[in-house]
Amino acid sequence: MRDAWPKPQPTSPPSPSPFFALTVAAALSVHLPQQRQGIVMGATQPPVVVTDIVTPVLAGVILGQSLYGARIGAVVAIALVGAVIARSLLPAIDPETSAAGG
């Protein structure tokens, strides 16, 4: 006897919003000299494209194999690495607030 309702299939999460990449690029441009802004803006595009391709594939593997613990561990590890990198590379004084006189 067939079930009346089909079993739900795992789906991959949506790709990161393109607005996220724009926000990161805008934040980077504030911290760079004007002569280097174009170089950095162009350099941020390839990682965004690679992420858009790899993320759904990786999410499909994680969800398909029920590797939920690995997923949580990867998210926490990525967040911690990002926080450490940001803490070590960003200046202590925010150029946006110091330029505005705040």
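Quick note: numbers below take in every heavy atom, side chains included, and nothing from hydrogens, waters or symmetry partners.
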For Leu67, which residues count as a side-chain contact (heavy atoms from CB on, under 4.5 Å) partner, sequence neighbours excluded?
->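 For Leu67 the side-chain contact (heavy atoms from CB on, under 4.5 Å) partners, ignoring immediate neighbours, are Ile62, Gln65, Ala70.
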Residues forming a side-chain contact (heavy atoms from CB on, under 4.5 Å) with Pro33, sequence neighbours excluded |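 Testing Pro33 for side-chain contact (heavy atoms from CB on, under 4.5 Å), a comparison that skips the adjacent residues, returns Gln35, Arg36.
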Going by atom type alone, with no hydrogens or angles, which donor-acceptor pairs under 3.5 Å involve a side-chain atom of residues 74-92 and a protein atom two or more places apart or on another chain?
residue	atom	partner	partner atom	Å
Ser88	OG	Val84	O	3.1
Ser88	OG	Ile85	O	3.0

